[in-house]
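Below, each value reflects all heavy atoms present in this structure, side chains not excepted, and no hydrogens, waters or symmetry copies. Everything numeric in this text was worked out from a predicted model, so none of it was measured. Naming convention: chains lettered A, B, ... in sequence-line order (proteins, then strands); numbering from 1 in each chain.
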Number of protein chains: 2
Amino acid sequence: MSGSKGGESRGYHHGNLREALMKAALELIAERGPSGATFAEAARRAGVSPAAPYRHFRDREELLAAVAAAGFERFAEALLKGWDRGRPRPAEAFERMGRAYLDFARTHAADYVAMFESGIAVEGNAALQQASQRAFGVLREAAEAVVADMPGPVRPPALMVALHTWALAHGVASLFGRADAARRKVPMSPEDLLEAAFLVYLRGLGAPQA
Amino acid sequence: MSGSKGGESRGYHHGNLREALMKAALELIAERGPSGATFAEAARRAGVSPAAPYRHFRDREELLAAVAAAGFERFAEALLKGWDRGRPRPAEAFERMGRAYLDFARTHAADYVAMFESGIAVEGNAALQQASQRAFGVLREAAEAVVADMPGPVRPPALMVALHTWALAHGVASLFGRADAARRKVPMSPEDLLEAAFLVYLRGLGAPQA
DNA sequence: CCGCTCATGTGAAAAGGGCTTACATCACAG
DNA sequence: CTGTGATGTAAGCCCTTTTCACATGAGCGG
(Lines give C-alpha, C1' and ligand atoms only; values in the text may rest on other atoms or scores of the structure.)
Protein backbone atom coordinates (compact mmCIF):
# COMPACT_ATOMS: atom_id res chain seq x y z
CA MET A 1 0.00 0.00 0.00
CA SER A 2 2.03 2.89 -1.17
CA GLY A 3 0.84 6.32 -0.30
CA SER A 4 -1.99 7.10 -2.68
CA LYS A 5 -1.23 10.71 -3.34
CA GLY A 6 -2.63 11.24 -6.76
CA GLY A 7 -4.62 8.12 -7.33
CA GLU A 8 -1.86 6.23 -9.07
CA SER A 9 -1.77 2.52 -9.46
CA ARG A 10 -0.27 0.92 -6.37
CA GLY A 11 0.35 -2.64 -7.33
CA TYR A 12 3.61 -4.45 -7.07
CA HIS A 13 5.39 -1.71 -8.93
CA HIS A 14 5.47 1.77 -7.58
CA GLY A 15 5.31 3.50 -10.89
CA ASN A 16 7.41 6.53 -10.07
CA LEU A 17 9.72 5.52 -7.30
CA ARG A 18 12.60 7.67 -8.38
CA GLU A 19 10.72 10.89 -7.92
CA ALA A 20 9.02 9.64 -4.78
CA LEU A 21 12.43 8.98 -3.26
CA MET A 22 13.66 12.44 -4.17
CA LYS A 23 10.58 13.97 -2.66
CA ALA A 24 10.99 11.95 0.51
CA ALA A 25 14.64 12.96 0.72
CA LEU A 26 13.63 16.61 0.50
CA GLU A 27 11.16 16.19 3.32
CA LEU A 28 13.77 14.44 5.42
CA ILE A 29 16.27 17.22 4.84
CA ALA A 30 13.67 19.72 5.92
CA GLU A 31 12.87 17.76 9.05
CA ARG A 32 16.23 16.40 10.15
CA GLY A 33 18.91 18.19 8.23
CA PRO A 34 21.07 16.90 5.39
CA SER A 35 22.44 13.96 7.35
CA GLY A 36 18.93 12.89 8.26
CA ALA A 37 18.14 12.06 4.67
CA THR A 38 18.74 8.38 5.04
CA PHE A 39 18.32 5.85 2.30
CA ALA A 40 16.21 3.48 4.34
CA GLU A 41 13.86 6.11 5.67
CA ALA A 42 13.27 7.53 2.21
CA ALA A 43 12.30 4.05 1.07
CA ARG A 44 9.99 3.67 4.04
CA ARG A 45 8.22 6.91 3.20
CA ALA A 46 7.84 5.90 -0.39
CA GLY A 47 6.23 2.70 0.81
CA VAL A 48 8.82 0.32 -0.57
CA SER A 49 11.37 -2.03 0.90
CA PRO A 50 14.82 -0.80 1.91
CA ALA A 51 16.39 -2.47 -1.08
CA ALA A 52 14.19 -0.87 -3.70
CA PRO A 53 16.09 2.44 -3.93
CA TYR A 54 19.13 0.58 -5.19
CA ARG A 55 17.33 0.10 -8.48
CA HIS A 56 17.37 3.85 -9.02
CA PHE A 57 20.39 5.23 -7.18
CA ARG A 58 23.77 3.67 -6.65
CA ASP A 59 23.93 4.99 -3.11
CA ARG A 60 22.81 7.73 -0.81
CA GLU A 61 25.15 10.29 -2.34
CA GLU A 62 23.70 9.80 -5.79
CA LEU A 63 20.24 10.43 -4.40
CA LEU A 64 21.39 13.65 -2.76
CA ALA A 65 23.12 14.74 -5.93
CA ALA A 66 19.92 14.21 -7.90
CA VAL A 67 17.98 16.21 -5.34
CA ALA A 68 20.54 19.01 -5.46
CA ALA A 69 20.51 19.04 -9.26
CA ALA A 70 16.74 19.33 -9.33
CA GLY A 71 17.06 22.12 -6.78
CA PHE A 72 19.48 24.02 -9.00
CA GLU A 73 17.07 23.70 -11.89
CA ARG A 74 14.26 25.22 -9.87
CA PHE A 75 16.68 27.80 -8.53
CA ALA A 76 17.72 28.88 -12.00
CA GLU A 77 14.08 29.24 -12.98
CA ALA A 78 13.31 31.33 -9.91
CA LEU A 79 16.24 33.66 -10.57
CA LEU A 80 15.34 33.92 -14.23
CA LYS A 81 11.80 34.86 -13.35
CA GLY A 82 12.99 37.46 -10.86
CA TRP A 83 15.41 38.93 -13.34
CA ASP A 84 12.77 38.99 -16.08
CA ARG A 85 15.29 39.97 -18.73
CA GLY A 86 16.26 43.08 -16.86
CA ARG A 87 12.97 44.90 -17.14
CA PRO A 88 12.21 47.64 -16.72
CA ARG A 89 15.74 48.62 -15.81
CA PRO A 90 18.71 46.43 -14.98
CA ALA A 91 19.29 47.92 -11.54
CA GLU A 92 15.68 47.45 -10.59
CA ALA A 93 15.51 43.94 -11.98
CA PHE A 94 18.73 43.13 -10.16
CA GLU A 95 17.19 43.83 -6.78
CA ARG A 96 14.12 41.89 -7.73
CA MET A 97 16.34 38.96 -8.56
CA GLY A 98 17.94 39.30 -5.15
CA ARG A 99 14.56 39.04 -3.53
CA ALA A 100 13.83 36.00 -5.65
CA TYR A 101 17.06 34.51 -4.33
CA LEU A 102 16.04 35.00 -0.72
CA ASP A 103 12.53 33.85 -1.43
CA PHE A 104 13.84 30.65 -2.92
CA ALA A 105 16.19 30.03 -0.01
CA ARG A 106 13.24 30.37 2.34
CA THR A 107 10.43 28.63 0.52
CA HIS A 108 12.68 25.89 -0.84
CA ALA A 109 14.86 25.58 2.22
CA ALA A 110 15.39 21.86 1.77
CA ASP A 111 16.51 22.34 -1.81
CA TYR A 112 18.86 25.09 -0.71
CA VAL A 113 20.38 22.88 1.95
CA ALA A 114 20.82 20.06 -0.52
CA MET A 115 22.46 22.45 -2.95
CA PHE A 116 24.87 24.20 -0.62
CA GLU A 117 25.16 22.42 2.69
CA SER A 118 24.88 18.73 2.03
CA GLY A 119 28.59 18.32 1.48
CA ILE A 120 28.29 16.82 -1.98
CA ALA A 121 30.98 17.51 -4.53
CA VAL A 122 29.60 19.46 -7.46
CA GLU A 123 32.32 18.09 -9.70
CA GLY A 124 31.32 14.52 -9.04
CA ASN A 125 28.11 14.63 -11.01
CA ALA A 126 27.87 15.99 -14.53
CA ALA A 127 24.16 16.78 -14.37
CA LEU A 128 24.64 18.50 -11.03
CA GLN A 129 27.51 20.59 -12.31
CA GLN A 130 25.54 21.57 -15.37
CA ALA A 131 22.52 22.59 -13.31
CA SER A 132 24.72 24.57 -10.95
CA GLN A 133 26.37 26.42 -13.80
CA ARG A 134 23.03 27.15 -15.37
CA ALA A 135 21.89 28.83 -12.17
CA PHE A 136 25.06 30.86 -11.91
CA GLY A 137 24.63 31.74 -15.55
CA VAL A 138 21.53 33.68 -14.66
CA LEU A 139 23.45 35.67 -12.07
CA ARG A 140 26.18 36.31 -14.55
CA GLU A 141 23.79 37.38 -17.29
CA ALA A 142 22.18 39.83 -14.90
CA ALA A 143 25.56 41.16 -13.88
CA GLU A 144 26.49 41.67 -17.51
CA ALA A 145 23.40 43.71 -18.14
CA VAL A 146 23.89 45.82 -15.04
CA VAL A 147 27.48 46.54 -15.93
CA ALA A 148 26.57 47.33 -19.52
CA ASP A 149 24.01 49.81 -18.27
CA MET A 150 26.63 51.75 -16.37
CA PRO A 151 27.86 55.08 -17.65
CA GLY A 152 31.42 55.37 -16.39
CA PRO A 153 34.47 55.00 -18.58
CA VAL A 154 35.77 52.08 -16.51
CA ARG A 155 33.33 49.26 -16.12
CA PRO A 156 33.89 46.61 -13.51
CA PRO A 157 34.24 43.04 -14.75
CA ALA A 158 30.85 41.41 -14.88
CA LEU A 159 32.15 38.11 -13.53
CA MET A 160 33.36 39.81 -10.39
CA VAL A 161 30.04 41.54 -9.95
CA ALA A 162 28.25 38.23 -10.34
CA LEU A 163 30.47 36.57 -7.76
CA HIS A 164 30.01 39.43 -5.31
CA THR A 165 26.28 39.24 -5.80
CA TRP A 166 26.23 35.54 -5.21
CA ALA A 167 28.36 35.82 -2.09
CA LEU A 168 26.22 38.59 -0.69
CA ALA A 169 22.94 36.85 -1.36
CA HIS A 170 24.24 33.54 -0.08
CA GLY A 171 25.62 35.16 3.02
CA VAL A 172 22.38 36.93 3.83
CA ALA A 173 20.35 33.82 3.13
CA SER A 174 22.62 31.58 5.17
CA LEU A 175 22.97 33.81 8.18
CA PHE A 176 19.65 35.59 8.40
CA GLY A 177 17.21 34.26 5.87
CA ARG A 178 16.29 30.83 7.12
CA ALA A 179 13.17 29.82 8.94
CA ASP A 180 15.58 27.42 10.57
CA ALA A 181 16.44 27.50 14.24
CA ALA A 182 19.93 28.52 13.22
CA ARG A 183 18.61 31.81 12.00
CA ARG A 184 20.12 34.88 13.62
CA LYS A 185 17.78 37.55 14.71
CA VAL A 186 18.45 40.99 13.37
CA PRO A 187 16.39 44.15 13.41
CA MET A 188 15.89 44.09 9.64
CA SER A 189 14.28 41.68 7.27
CA PRO A 190 16.70 39.73 5.09
CA GLU A 191 15.06 41.26 2.05
CA ASP A 192 15.66 44.79 3.23
CA LEU A 193 19.16 43.92 4.30
CA LEU A 194 20.04 42.52 0.91
CA GLU A 195 18.35 45.32 -0.96
CA ALA A 196 20.28 47.90 1.01
CA ALA A 197 23.51 46.03 0.36
CA PHE A 198 22.79 45.95 -3.37
CA LEU A 199 22.08 49.66 -3.39
CA VAL A 200 25.31 50.48 -1.62
CA TYR A 201 27.29 48.06 -3.75
CA LEU A 202 25.89 49.30 -7.05
CA ARG A 203 26.50 52.87 -6.00
CA GLY A 204 30.07 51.92 -5.21
CA LEU A 205 30.38 50.55 -8.73
CA GLY A 206 29.21 53.84 -10.15
CA ALA A 207 25.79 52.70 -11.24
CA PRO A 208 23.11 55.23 -12.08
CA GLN A 209 21.01 56.12 -9.07
CA ALA A 210 17.49 54.81 -8.98
CA MET B 1 49.69 22.51 28.25
CA SER B 2 47.90 20.81 31.05
CA GLY B 3 47.10 17.73 29.03
CA SER B 4 49.61 14.92 29.34
CA LYS B 5 49.95 14.29 25.66
CA GLY B 6 52.34 11.42 25.78
CA GLY B 7 50.84 9.98 28.91
CA GLU B 8 49.73 6.57 27.71
CA SER B 9 50.02 5.60 31.35
CA ARG B 10 46.63 6.91 32.15
CA GLY B 11 44.81 4.89 34.70
CA TYR B 12 41.16 4.35 34.93
CA HIS B 13 40.49 8.03 34.61
CA HIS B 14 41.41 10.01 31.57
CA GLY B 15 42.25 13.25 33.29
CA ASN B 16 41.13 15.66 30.63
CA LEU B 17 38.48 13.87 28.67
CA ARG B 18 36.33 16.89 27.99
CA GLU B 19 38.98 18.69 25.99
CA ALA B 20 40.13 15.50 24.34
CA LEU B 21 36.59 14.94 23.10
CA MET B 22 36.33 18.43 21.73
CA LYS B 23 39.62 18.04 19.93
CA ALA B 24 38.54 14.71 18.48
CA ALA B 25 35.26 16.21 17.36
CA LEU B 26 37.13 18.94 15.51
CA GLU B 27 39.27 16.39 13.72
CA LEU B 28 36.21 14.40 12.79
CA ILE B 29 34.47 17.44 11.38
CA ALA B 30 37.54 18.16 9.30
CA GLU B 31 37.67 14.62 8.02
CA ARG B 32 34.03 13.65 7.58
CA GLY B 33 31.94 16.77 7.81
CA PRO B 34 29.67 17.91 10.61
CA SER B 35 27.56 14.77 10.64
CA GLY B 36 30.67 12.64 10.89
CA ALA B 37 31.43 14.01 14.32
CA THR B 38 29.86 11.12 16.09
CA PHE B 39 29.81 10.68 19.82
CA ALA B 40 31.17 7.16 19.78
CA GLU B 41 34.01 7.85 17.39
CA ALA B 42 35.15 10.84 19.42
CA ALA B 43 35.26 8.58 22.45
CA ARG B 44 37.23 6.00 20.51
CA ARG B 45 39.83 8.56 19.53
CA ALA B 46 40.11 9.76 23.07
CA GLY B 47 40.75 6.19 24.10
CA VAL B 48 37.68 5.71 26.23
CA SER B 49 34.52 3.70 25.98
CA PRO B 50 31.54 4.96 23.97
CA ALA B 51 29.59 5.84 27.09
CA ALA B 52 32.25 7.95 28.74
CA PRO B 53 31.37 11.18 26.90
CA TYR B 54 27.99 11.20 28.58
CA ARG B 55 29.72 12.20 31.79
CA HIS B 56 30.80 15.43 30.17
CA PHE B 57 28.14 16.22 27.58
CA ARG B 58 24.46 15.48 27.70
CA ASP B 59 24.44 14.48 24.06
CA ARG B 60 26.10 14.99 20.75
CA GLU B 61 24.55 18.39 20.30
CA GLU B 62 26.04 19.69 23.51
CA LEU B 63 29.46 18.55 22.39
CA LEU B 64 29.07 20.33 19.08
CA ALA B 65 27.84 23.42 20.86
CA ALA B 66 30.92 23.43 23.06
CA VAL B 67 33.14 23.04 20.02
CA ALA B 68 31.33 25.85 18.24
CA ALA B 69 31.58 28.11 21.28
CA ALA B 70 35.31 27.53 21.51
CA GLY B 71 35.49 28.26 17.79
CA PHE B 72 33.71 31.56 18.24
CA GLU B 73 36.16 32.51 20.98
CA ARG B 74 39.10 31.88 18.69
CA PHE B 75 37.24 33.61 15.88
CA ALA B 76 36.67 36.73 17.93
CA GLU B 77 40.35 36.81 18.81
CA ALA B 78 41.36 36.45 15.18
CA LEU B 79 39.07 39.25 14.08
CA LEU B 80 40.22 41.45 16.93
CA LYS B 81 43.81 40.90 15.96
CA GLY B 82 43.06 41.68 12.31
CA TRP B 83 41.17 44.82 13.23
CA ASP B 84 43.91 45.96 15.61
CA ARG B 85 41.83 48.82 16.94
CA GLY B 86 41.45 50.32 13.51
CA ARG B 87 45.06 51.21 12.93
CA PRO B 88 46.37 52.95 11.02
CA ARG B 89 43.07 53.87 9.45
CA PRO B 90 39.64 52.31 9.84
CA ALA B 91 39.19 51.54 6.16
CA GLU B 92 42.55 49.85 5.94
CA ALA B 93 42.04 47.93 9.16
CA PHE B 94 38.63 46.87 7.93
CA GLU B 95 40.07 45.10 4.93
CA ARG B 96 42.72 43.53 7.08
CA MET B 97 39.97 42.20 9.32
CA GLY B 98 38.27 40.76 6.24
CA ARG B 99 41.42 38.88 5.37
CA ALA B 100 41.61 37.65 8.92
CA TYR B 101 38.05 36.38 8.50
CA LEU B 102 38.92 34.39 5.40
CA ASP B 103 42.15 33.20 6.92
CA PHE B 104 40.29 31.89 9.92
CA ALA B 105 37.68 30.16 7.77
CA ARG B 106 40.47 28.41 5.93
CA THR B 107 42.94 27.55 8.64
CA HIS B 108 40.24 26.72 11.16
CA ALA B 109 37.87 25.11 8.71
CA ALA B 110 36.57 22.62 11.22
CA ASP B 111 35.80 25.36 13.72
CA TYR B 112 34.05 27.32 11.03
CA VAL B 113 31.91 24.37 10.05
CA ALA B 114 31.00 23.74 13.65
CA MET B 115 30.10 27.38 14.06
CA PHE B 116 27.99 27.87 10.96
CA GLU B 117 27.10 24.60 9.32
CA SER B 118 26.58 22.07 12.02
CA GLY B 119 22.91 22.87 12.37
CA ILE B 120 23.07 23.75 16.04
CA ALA B 121 20.76 26.37 17.45
CA VAL B 122 22.70 29.33 18.79
CA GLU B 123 19.89 30.16 21.16
CA GLY B 124 20.00 26.78 22.80
CA ASN B 125 23.27 27.32 24.60
CA ALA B 126 24.03 30.40 26.67
CA ALA B 127 27.80 30.11 26.39
CA LEU B 128 27.53 29.60 22.66
CA GLN B 129 25.29 32.59 22.22
CA GLN B 130 27.63 34.71 24.27
CA ALA B 131 30.67 33.64 22.29
CA SER B 132 28.84 34.26 19.04
CA GLN B 133 27.83 37.73 20.10
CA ARG B 134 31.32 38.51 21.22
CA ALA B 135 32.62 37.67 17.76
CA PHE B 136 29.95 39.75 16.09
CA GLY B 137 30.77 42.52 18.53
CA VAL B 138 34.18 42.84 16.91
CA LEU B 139 32.57 43.23 13.50
CA ARG B 140 30.21 45.77 14.90
CA GLU B 141 32.93 47.72 16.65
CA ALA B 142 34.88 47.88 13.41
CA ALA B 143 31.80 49.00 11.53
CA GLU B 144 31.22 51.76 14.08
CA ALA B 145 34.73 53.06 13.61
CA VAL B 146 34.50 52.95 9.84
CA VAL B 147 31.21 54.79 9.84
CA ALA B 148 32.48 57.35 12.32
CA ASP B 149 35.42 58.00 10.05
CA MET B 150 33.17 58.91 7.16
CA PRO B 151 32.78 62.53 6.13
CA GLY B 152 29.28 62.78 4.71
CA PRO B 153 26.35 64.37 6.47
CA VAL B 154 24.33 61.17 6.40
CA ARG B 155 26.09 58.23 7.92
CA PRO B 156 24.83 54.73 7.36
CA PRO B 157 23.81 52.79 10.44
CA ALA B 158 26.78 50.87 11.80
CA LEU B 159 24.72 47.80 12.57
CA MET B 160 23.70 47.50 8.96
CA VAL B 161 27.28 47.87 7.83
CA ALA B 162 28.33 45.17 10.24
CA LEU B 163 25.64 42.81 9.00
CA HIS B 164 26.55 43.46 5.38
CA THR B 165 30.18 42.82 6.17
CA TRP B 166 29.39 39.59 7.89
CA ALA B 167 27.17 38.40 5.08
CA LEU B 168 29.74 39.24 2.46
CA ALA B 169 32.61 37.61 4.28
CA HIS B 170 30.55 34.55 5.13
CA GLY B 171 29.33 34.25 1.58
CA VAL B 172 32.79 34.44 0.11
CA ALA B 173 34.17 32.02 2.68
CA SER B 174 31.34 29.54 2.21
CA LEU B 175 31.25 29.54 -1.54
CA PHE B 176 34.84 30.07 -2.56
CA GLY B 177 37.11 30.03 0.42
CA ARG B 178 37.19 26.44 1.51
CA ALA B 179 39.84 23.89 0.86
CA ASP B 180 36.86 21.55 0.79
CA ALA B 181 35.79 19.61 -2.26
CA ALA B 182 32.66 21.74 -2.30
CA ARG B 183 34.74 24.76 -3.17
CA ARG B 184 33.80 26.51 -6.36
CA LYS B 185 36.58 27.43 -8.68
CA VAL B 186 36.77 31.04 -9.66
CA PRO B 187 39.46 33.04 -11.45
CA MET B 188 40.23 35.09 -8.34
CA SER B 189 41.43 34.30 -4.89
CA PRO B 190 38.83 34.62 -2.17
CA GLU B 191 40.94 37.28 -0.53
CA ASP B 192 41.04 39.44 -3.63
CA LEU B 193 37.37 38.87 -4.20
CA LEU B 194 36.47 40.00 -0.71
CA GLU B 195 38.84 42.93 -0.76
CA ALA B 196 37.36 44.16 -4.01
CA ALA B 197 33.87 43.79 -2.61
CA PHE B 198 34.83 45.77 0.47
CA LEU B 199 36.31 48.54 -1.65
CA VAL B 200 33.21 48.81 -3.79
CA TYR B 201 30.91 48.64 -0.80
CA LEU B 202 32.78 51.27 1.20
CA ARG B 203 32.85 53.53 -1.81
CA GLY B 204 29.12 53.09 -2.11
CA LEU B 205 28.80 54.17 1.48
CA GLY B 206 30.71 57.31 0.76
CA ALA B 207 33.87 56.38 2.58
CA PRO B 208 37.07 58.30 1.96
CA GLN B 209 39.11 56.76 -0.82
CA ALA B 210 42.25 54.99 0.17
C1' DC C 1 -4.21 -13.23 -27.80
C1' DC C 2 0.06 -15.60 -26.13
C1' DG C 3 4.18 -16.16 -23.84
C1' DC C 4 8.89 -14.35 -23.25
C1' DT C 5 11.84 -11.05 -21.06
C1' DC C 6 13.59 -7.72 -18.17
C1' DA C 7 13.13 -3.77 -15.32
C1' DT C 8 11.40 -3.19 -10.90
C1' DG C 9 10.22 -4.43 -6.11
C1' DT C 10 10.30 -8.09 -2.05
C1' DG C 11 12.09 -10.51 1.90
C1' DA C 12 15.62 -11.94 4.66
C1' DA C 13 19.79 -11.51 6.71
C1' DA C 14 24.68 -10.23 7.51
C1' DA C 15 27.71 -6.56 8.74
C1' DG C 16 28.63 -2.46 10.95
C1' DG C 17 28.07 1.21 13.98
C1' DG C 18 25.96 4.42 17.40
C1' DC C 19 23.26 5.02 21.67
C1' DT C 20 22.20 3.91 26.32
C1' DT C 21 21.34 1.25 30.85
C1' DA C 22 23.28 -1.27 34.72
C1' DC C 23 27.53 -2.03 36.86
C1' DA C 24 32.68 -1.31 38.11
C1' DT C 25 36.48 1.50 39.56
C1' DC C 26 38.90 5.38 41.25
C1' DA C 27 39.89 9.72 43.96
C1' DC C 28 39.26 12.00 47.97
C1' DA C 29 37.54 13.66 52.26
C1' DG C 30 36.38 12.73 57.01
C1' DC D 1 40.08 3.12 56.83
C1' DT D 2 35.87 3.72 54.64
C1' DG D 3 31.95 5.87 52.44
C1' DT D 4 30.58 8.54 48.53
C1' DG D 5 30.34 10.84 44.29
C1' DA D 6 32.63 11.30 39.99
C1' DT D 7 34.27 8.83 36.16
C1' DG D 8 34.66 4.97 32.95
C1' DT D 9 33.18 0.08 31.30
C1' DA D 10 30.57 -3.78 29.32
C1' DA D 11 26.95 -5.37 27.00
C1' DG D 12 22.60 -5.09 24.69
C1' DC D 13 19.41 -2.73 21.65
C1' DC D 14 18.24 -0.62 17.50
C1' DC D 15 18.90 1.38 13.03
C1' DT D 16 21.18 1.66 8.49
C1' DT D 17 23.48 -0.14 4.74
C1' DT D 18 24.09 -3.58 1.46
C1' DT D 19 23.57 -7.92 -0.92
C1' DC D 20 21.33 -12.07 -2.34
C1' DA D 21 17.85 -15.00 -4.46
C1' DC D 22 13.28 -14.62 -5.82
C1' DA D 23 8.53 -12.52 -7.21
C1' DT D 24 5.81 -9.60 -10.16
C1' DG D 25 3.83 -7.64 -14.14
C1' DA D 26 4.29 -4.41 -18.18
C1' DG D 27 5.56 -4.37 -22.77
C1' DC D 28 6.95 -6.49 -26.83
C1' DG D 29 7.19 -9.51 -30.91
C1' DG D 30 4.83 -13.07 -32.94
TODO: For R44(B), report the nucleic acid contact type (base, sugar-phosphate, nothing); a contact means any heavy atom under 4.0 Å.
DONE: sugar-phosphate
TODO: Applying ring-ring contact (aromatic ring centres under 6.0 Å, His included), name anything that partners H56(B), two or more places apart in sequence or on another chain.
DONE: none
Open item on the list: Which residues pass the ring-ring contact (aromatic ring centres under 6.0 Å, His included) test with F72(B), not counting sequence neighbours?
Closed with: F116(B)
TODO: Could you label the plane-to-plane angle of the F75(A) and F104(A) rings as parallel, tilted or perpendicular, counting under 30° as parallel and over 60° as perpendicular?
DONE: tilted
Determine all donor-acceptor pairs shorter than 3.5 Å in which one atom belongs to a side chain in residues 28-43 of chain A; sequence neighbours excluded.
unit_1	atom_1	unit_2	atom_2	d
E31(A)	OE1	R45(A)	NH1	3.4
E31(A)	OE1	R45(A)	NH2	2.8
E31(A)	OE2	R45(A)	NH1	3.1
E41(A)	OE1	R44(A)	NH1	2.3
E41(A)	OE2	R45(A)	NE	3.3

TODO: Please work out which residues in residues 26-41 of chain B have a non-hydrogen atom less than 4.0 Å from an atom of DNA chain D and list them by number.
DONE: none
Name the atoms and distances for all side-chain donor-acceptor pairs under 3.5 Å in residues 130-142 of chain A, with sequence neighbours left out.
unit_1	atom_1	unit_2	atom_2	d
R134(A)	NH1	E73(A)	OE1	2.5
R140(A)	NE	E144(A)	OE2	3.3

Task: Interatomic distance, N16(A) CG vs dA26(D) P [rounded to whole Å] - done: 15 Å
TODO: May I ask you to list the residues of residues 49-63 of chain A, by number, that have any heavy atom positioned under 4.0 Å from an atom of DNA chain D?
DONE: P50(A), A51(A), Y54(A), R55(A), R60(A)
Task: Any residue meeting side chain to side chain contact (heavy atoms under 4.5 Å, CB included) with P187(B), in chain and number order, not counting sequence neighbours - done: L159(A)
TODO: Identify, with sequence neighbours excluded, every residue that meets ring-ring contact (aromatic ring centres under 6.0 Å, His included) alongside F176(A).
DONE: W166(B)
TODO: Report the residues that fulfil side chain to side chain donor-acceptor pair (under 3.5 Å) with Y201(B), sequence neighbours left out, ordered by chain and then residue number.
DONE: H164(B)
